[in-house]
Amino acid sequence: QVQLVESGGGSEQSGGSLRLSCVASRRKYSTSCMGWFRQAPGKEREGVAAIDTIDTTTYADSVKGRFTISQDNAKNTLYLQMNSLKPEDTAMYYCAADPLCMSGLLWHFDHASFAYWGQGTQVTVSS
């Protein structure tokens, strides 16, 4: 079992920046992948970005060039640097992890197929 704890959310004005963090209780499998998802009120959950253990990354088109996903394996921590924030980025942001990632990063990201999920951290962007 892996526990994920997100932090770093908050309120920011349009054009501002925030950095989200997600600490995993462990990262046992070398083939694991991790990602960020978000869900706004009344909308479906959507993938934001994902990364695997060799730092392959993928991003949603809506955040490319503005958000950067990264990880610190020594600290079992996943990050999401969010720049040039927009009001439409307002959502609850969730960290997710899959210890095996057997089907590859893109498949797991596209299908939101991750075994473990955090409780979320709220991001609110005002215009």
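Index from 1, following the sequence.
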Checklist line | Verdict with reasoning, Ser21 to Ser7, per side-chain contact (heavy atoms from CB on, under 4.5 Å) | finding: CA-CA 5 Å; Ser21 299; Ser7 62; 3.8 Å; yes
Note to self: Going by ring-ring contact (aromatic ring centres under 6.0 Å, His included), name the residues that satisfy it together with Tyr94, two or more places apart in sequence or in a different chain.
What the structure shows: none
Check: Residues in side-chain hydrogen bond (donor to acceptor under 3.5 Å, both in side chains) with Lys64, at least two apart?
Finding: Asp61
Next item on the list: Can you measure from CG (Leu20) to CZ (Phe67) and round to the nearest 0.5 angstrom?
Entry: 8.0 Å
Note to self: Run Thr77 and Cys22 through side-chain contact (heavy atoms from CB on, under 4.5 Å) and show every step you take.
What the structure shows: CA-CA 5 Å; Thr77 302; Cys22 170; 5.8 Å; no
Item checked: Point-to-point distance, once rounded to the nearest 0.5 Å, from CG of Asp52 to CG of Leu106 -> 9.0 Å
Review item, side-chain donor-acceptor pairs of residues 42-51, under 3.5 Å, at least two apart:
from: Glu46; atom 1: OE2; to: Arg38; atom 2: NE; distance (Å): 2.6
from: Glu46; atom 1: OE2; to: Arg38; atom 2: NH2; distance (Å): 3.1

Check: To which residues is Val5 joined in a hydrophobic cluster, defined by side-chain heavy-atom contacts under 4.5 Å among Ile, Leu, Val, Met, Phe, Trp and Tyr, whether direct or through other members?
Finding: none
Checklist line | For Arg66, all residues meeting salt bridge (Lys or Arg N to Asp or Glu O under 4.0 Å), sequence neighbours excluded | finding: Asp89
Checklist line | Contacts of Gln3 that satisfy side chain to side chain contact (heavy atoms under 4.5 Å, CB included) - sequence neighbours left out | finding: Ser25
May I have the list of side-chain donor-acceptor pairs in residues 78-88 shorter than 3.5 Å, sequence neighbours left out?
from: Gln81; atom 1: NE2; to: Asn83; atom 2: OD1; distance (Å): 2.9
from: Asn83; atom 1: OD1; to: Ser17; atom 2: OG; distance (Å): 2.9

Next item on the list: Check the hydrophobic clustering (I, L, V, M, F, W, Y; side-chain heavy atoms under 4.5 Å; chains of links allowed) and say if Tyr59 and Val123 are grouped together.
Entry: yes
Check: Would you say His108's side chain and Cys33's backbone share a donor-acceptor pair under 3.5 angstrom?
Finding: no
Would you list the atom pairs, donor with acceptor, under 3.5 Å between side chains in residues 110-117 and any protein atom, with sequence neighbours excluded?
from: His111; atom 1: ND1; to: Trp107; atom 2: O; distance (Å): 2.9
from: His111; atom 1: ND1; to: Trp107; atom 2: NE1; distance (Å): 3.4
from: Trp117; atom 1: NE1; to: Phe114; atom 2: O; distance (Å): 3.0

Next item on the list: Start with the C-alpha distance between Asp55 and Gln71, add both sets of side-chain angles, then the distance that settles side-chain contact (heavy atoms from CB on, under 4.5 Å), and finish with yes or no.
Entry: CA-CA 8 Å; Asp55 288 341; Gln71 60 192 344; 2.7 Å; yes
Item checked: Shared hydrophobic cluster, Met34 / Val63 (ILVMFWY, side-chain heavy atoms < 4.5 Å) -> yes
Checklist line | Linked, directly or transitively: Tyr93 and Ile69 (ILVMFWY side chains, under 4.5 Å) | finding: yes
Check: Between Glu6 and Cys95, is there a donor-acceptor pair closer than 3.5 Å when you use the side chain of the first and the backbone of the second?
Finding: yes
Checklist line | With sequence neighbours excluded, residues passing side chain to side chain contact (heavy atoms under 4.5 Å, CB included) with Thr124 | finding: Ser11, Thr90, Gln122
Next item on the list: Look at the side-chain heavy atoms of Ile, Leu, Val, Met, Phe, Trp and Tyr, link any pair under 4.5 Å apart, and say whether Phe37 and Leu18 land in one connected group.
Entry: no
